[in-house]
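First up is the structure itself, then whatever we jot down about it.
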2 protein chains.
Amino acid sequence: MTDSEAGAVRAEAPRRARRGGKRERLVEASVRVFHEQGVEKTTLADIARVADVPVGNVYYYFKTKDQLVEAAVQAHHDRLTALTGRLEALPDPADRLKALVGGWVEERETAARFGCPFGTLATELDKRDDGLDLAAAEVMRALIDWVAGQFGALGRPDAQALAVELVAAYQGMSVLTHTLRDPAIMTAQGERLTSWIDGLAHP
Amino acid sequence: MTDSEAGAVRAEAPRRARRGGKRERLVEASVRVFHEQGVEKTTLADIARVADVPVGNVYYYFKTKDQLVEAAVQAHHDRLTALTGRLEALPDPADRLKALVGGWVEERETAARFGCPFGTLATELDKRDDGLDLAAAEVMRALIDWVAGQFGALGRPDAQALAVELVAAYQGMSVLTHTLRDPAIMTAQGERLTSWIDGLAHP
DNA sequence: GTCTATACGCCGATAGAC
DNA sequence: GTCTATCGGCGTATAGAC
């Protein structure tokens, strides 16, 4: 805790990150709590508690609650980029899409309790007056574009429309899974989507 | 959607309804404002203003905000019942389903601004601790069951799965239309669903 | 039945000690 | 950089006049 530990990690101190990584913890806590409770119901005290950071200290890292929301949206974007990056290790675009769907289905229990982590956030942000809904749209657009890229690689001329269809199917089955609290919906629809992708890849 | 609230209803004064129908106005205002702003962001003052009822007077009709939410969910259920009732005037189940989809597409501008009136409400209620999420599930279930009934009438043994697929498609395209603020998504996906229904009806 | 005035708690944000 | 104490505003709900 003292100045003595200063030298070691200093190599090229990431602008913000300090020992403890409180900022990172606050962002992660925001993503999680926003998902579980919704943005509007969540207080800064909730986030601080989950992040294990004193309430008042939050304001050293984020001047307003909105900035926390913005950071959460950015975190979703980063996660998406990381995910698609990993999927591109697979050589076959159809396999990438099926792996994407498979990942969604694996999260079915969480989806049944809290919905799609990003979809529910985007829906909520669209009803606020701040400009965060634009950032949310960007993330959604990035997902659709990546999916469209895969369909394009499969030689489908209607790649964009198919991408909208796939992402909409995911958002829709998330809403139903959530509202009806039934993870089996996710499983069944996931299987349907997988067959659908297969059919499109090998017509 | 807006059904009978016509004059001759005084015949046997409905328990609550008084001159002016303040209670009805409060419920209608709740449905509308919850849709446009979300439940959490909405204050009783907002509802009172839209309903043109003095703020303090709200509590004569509803003891808590939760009761207003409950009444709004009930109103959605009533609207759904009225809608499906009207659709059943059509002799062909496939026509009923296509008319259902057509109605959704007609609301695309509203969907782009505020999302599906019921889907966004259900999503929000699922993140509250009150028990209203169960009531929301009931309404969603009623819609799915009615759709399944139509597919059943078309002789499809997989009617229930098809119904989940159709309703999920609607919820999903609503989320995307809303997040991307693009009503064209609703139009395109609506056409796709219409063809899909045709294909299922005349294999 | 209708409406005003107000109590009360909670939450976002700030000031400033350390 | 870290944390405590606290302010100001708002929103739900109530008391009680008309």
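Chain A is the first sequence line, chain B the second, and so forth, proteins listed ahead of strands; every chain is numbered from 1.
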Does [N] have OP1 or OP2 under 4.0 Å away from a side-chain N or O of [X]?
{"X": "Tyr61(A)", "N": "dT2(D)", "answer": "yes"}
{"X": "Lys22(B)", "N": "dC3(C)", "answer": "yes"}
{"X": "Tyr60(B)", "N": "dG1(C)", "answer": "yes"}

Problem - Between Glu88(B) and Trp146(B), a side-chain donor and acceptor under 3.5 Å - result: yes
Exercise for the section: Scan side-chain atoms only and decide if Thr120(A) and Lys127(B) contain a donor-acceptor pair under the 3.5 Å cut-off. Expected result: yes
Looking only at the side chain of [X] (C-beta and beyond, no hydrogens), which of the listed nucleotides [options] gets closest?
{"X": "Tyr59(B)", "options": "dA13(D), dT4(C), dC11(C)", "answer": "dA13(D)"}
{"X": "Asn57(B)", "options": "dA13(D), dT4(D), dT2(C)", "answer": "dT2(C)"}
{"X": "Thr43(A)", "options": "dC3(D), dT12(D), dG12(C)", "answer": "dG12(C)"}
{"X": "Lys65(B)", "options": "dC3(D), dG12(C), dA13(D)", "answer": "dA13(D)"}

Problem - Aromatic plane relationship, Trp196(B) with Phe151(B) - under 30° parallel, 30 to 60° tilted, over 60° perpendicular - result: perpendicular
Practice task
Quick one: pull up CG in Asp182(A) and CZ in Arg141(B) and give me the separation to the nearest 0.5 Å.
Solution key: 7.0 Å
In whole angstrom, what separates [X]'s [atom1] from [N]'s [atom2]?
{"X": "Asp52(A)", "N": "dC3(D)", "atom1": "CG", "atom2": "C1'", "answer": "13 Å"}
{"X": "Asp66(A)", "N": "dC11(C)", "atom1": "CG", "atom2": "P", "answer": "17 Å"}
{"X": "Arg25(B)", "N": "dG1(C)", "atom1": "CZ", "atom2": "P", "answer": "15 Å"}
{"X": "Leu44(A)", "N": "dT14(C)", "atom1": "CG", "atom2": "C1'", "answer": "13 Å"}
{"X": "Glu40(A)", "N": "dC10(D)", "atom1": "CD", "atom2": "P", "answer": "15 Å"}
{"X": "Gln37(A)", "N": "dC11(C)", "atom1": "CD", "atom2": "P", "answer": "10 Å"}
{"X": "Asp130(B)", "N": "dT12(D)", "atom1": "CG", "atom2": "C1'", "answer": "15 Å"}

Exercise for the section: Take atom CZ of Arg32(B) as the centre, draw a 6.0 Å sphere, and report whether it contains more than 12 heavy atoms from other residues, nucleotides or ligands. Expected result: no
Exercise for the section: For Gly56(A) and for Lys41(A), locate the closest nucleotide of DNA chain C by heavy-atom distance; then report the residue assigned to the nucleotide nearer the 5' terminus. Expected result: Lys41(A)
